[in-house]
Protein chains: 2
Amino acid sequence: MPVPLYQAKAELLRTVGHPARIRILELLSERDHAVHELLEQIDIEPSNLSQQLAVLRRTALVTSHRRDGAVVYAISVPEVREFLLSARRILASLAAAQSDFEPELTR
Amino acid sequence: MPVPLYQAKAELLRTVGHPARIRILELLSERDHAVHELLEQIDIEPSNLSQQLAVLRRTALVTSHRRDGAVVYAISVPEVREFLLSARRILASLAAAQSDFEPELTR
DNA sequence: TGTGAATGTGAAGAACTCTTCACATACTAG
DNA sequence: CTAGTATGTGAAGAGTTCTTCACATTCACA
């Protein structure tokens with residue numbers, strides 16, 4: 001096994017592991033968004049959004065370009081969508097496993 | 001969209017986003033491992049391994065039970081495997097996208 | 001029951017990440 | 001050119017996560 005792969009994976013996961021950044025990636029995986037459109041959807045300060053976008057740019061998960069005077073962001077690789085779904089499936093599965101026990105635990 | 005879902009996803013991703021914990025999950029997704037078997041494969045202190053296992057237990061990603069005097073760990077939900085593959089696919093895709101440009105950049 | 005190997009825990013400091021704020025830059029329209 | 005809106009950056013402090021270390025617990029079995 002290539003040793004630095006764990007590092008790279010860990011970095012990727014930590015990069016995505018932030019509520020605002022997940023929100024951004026989910027919005028972008030529906031369609032490209034201008035920064036001001038993201039701002040309408042996500043409740044954070046403009047400069048904070050900018051910071052989070054910078055983090056995603058640094059890891060090359062998103063790309064940006066200027067269109068009609070606004071900066072438009074896009075997902076750089078389509079695999080991101082499947083990845084987010086995959087995370088959701090784990091959560092669903094964990095939640096299901098927990099609720100199997102809840103009847104016993106809550107009585 | 002359910003608001004706390006981003007939180008939960010972010011937490012999950014941050015939990016998995018650690019080299020040792022990824023290594024553990026990959027080993028466990030091949031087959032169950034006793035703690036001392038994990039120790040042979042991963043180069044960290046026993047107590048550190050124990051800490052990382054505790055983190056994974058807390059988020060219910062793994063389960064443990066004692067078998068023949070040793071503590072054996074197992075993946076709790078099978079979706080973890082697909083999730084890790086999914087992460088690898090993004091990395092591969094990002095790497096491919098980068099190397100498309102390398103010829104220009106390195107000359 | 002006593003010893004040793006295996007596993008786990010708590011606490012502390014180092015290292016890292018987040019948010020915020022003040023300011024910088026970019027571009028558009030008047 | 002000038003004002004105004006949109007976007008980005010740097011730096012500081014608060015908060016969080018990691019690693020380490022000393023020690024606790026568990027269990028097998030002599």
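Quick note on labels: first sequence line is chain A, next is B, and so on, each numbered from 1.
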(request) Nearest whole angstrom, please: distance from the P of dC16(C) to the NE2 of His18(A). (result) 18 Å
(message) side chain to side chain contact (heavy atoms under 4.5 Å, CB included), that's the test. Do Tyr73(A) and Arg57(A) meet it? Break it down for me.
(response) CA-CA 9 Å; Tyr73(A) 277 83; Arg57(A) 253 186 285 125; 3.0 Å; yes
(request) Measure across Val16(A) and Ile22(A) and return the closest heavy-atom pair with its distance rounded to 0.1 Å. (result) O-CG1, 3.1 Å
(message) Both Asn48(A) and Gly69(A) contact DNA chain C. Taking the nearest nucleotide for each, which residue is further toward the 5' end?
(response) Asn48(A)
(request) Evaluate the side-chain proximity of Val71(A) to Ser64(A): yes if any heavy-atom separation is below 4.5 Å, no if none is. (result) yes
(message) It should be established whether Tyr73(B) places a side-chain nitrogen or oxygen under 4.0 Å from OP1 or OP2 of nucleotide dG8(C).
(response) yes
(message) Tell me if a side-chain donor or acceptor on Glu37(B) pairs with a main-chain N or O of Ala34(B) at a distance below 3.5 Å.
(response) yes
(message) OP1 or OP2 of dT7(C) versus the side-chain N and O atoms of His36(B): is any pair under 4.0 Å?
(response) yes
(message) Checking side-chain polar atoms at under 3.5 Å, does Glu82(B) have a donor or acceptor matched by the opposite partner on Ser86(A)?
(response) no
(request) Please state whether the phosphate of dC27(C), meaning OP1 or OP2, lies under 4.0 angstrom from any side-chain nitrogen or oxygen of Arg66(A). (result) yes
(message) Can you measure Arg67(B) atom CZ to dA6(C) atom P for me and round it to whole angstrom units?
(response) 18 Å
(message) Rounded to whole Å, how long is the line connecting atom CG of Leu53(B) with atom C1' of dA6(C)?
(response) 13 Å
(request) Measure from CG on Leu49(B) to P on dA5(C) and round the result to the nearest Å. (result) 19 Å
(request) Could you check whether Glu37(B) gets within reach of a base, just the sugar-phosphate, or nothing at all, counting any heavy atom under 4.0 Å? (result) nothing
(request) Measure across Arg67(A) and Val72(A) and return the closest heavy-atom pair with its distance rounded to 0.1 Å. (result) CB-CG2, 4.0 Å
(message) Do Gln41(A) and Glu26(A) have side chains that approach each other closer than 4.5 Å (heavy atoms only, starting at C-beta)?
(response) no
(message) Nearest whole Å is fine: how far is dT7(C) C1' from Ile24(B) CD1?
(response) 13 Å
(request) Whole angstrom is fine here: how far is it from CG in Leu39(B) over to P in dT7(C)? (result) 7 Å
(request) Identify, between Arg14(A) and Gln51(A), the residue whose nearest nucleotide on DNA chain D lies closer to the 5' end. (result) Gln51(A)
(message) Under 4.0 Å from a heavy atom of chain B: give me the 5'-most and 3'-most nucleotides of DNA chain D that qualify.
(response) dT17(D) to dC27(D)
(request) Write down the distance between CD (Gln52(B)) and P (dG8(C)), rounded to a whole number of angstrom. (result) 13 Å
(message) Tell me the interatomic distance from Arg21(A), atom CZ, to dT19(C), atom C1', rounded to whole angstroms.
(response) 12 Å
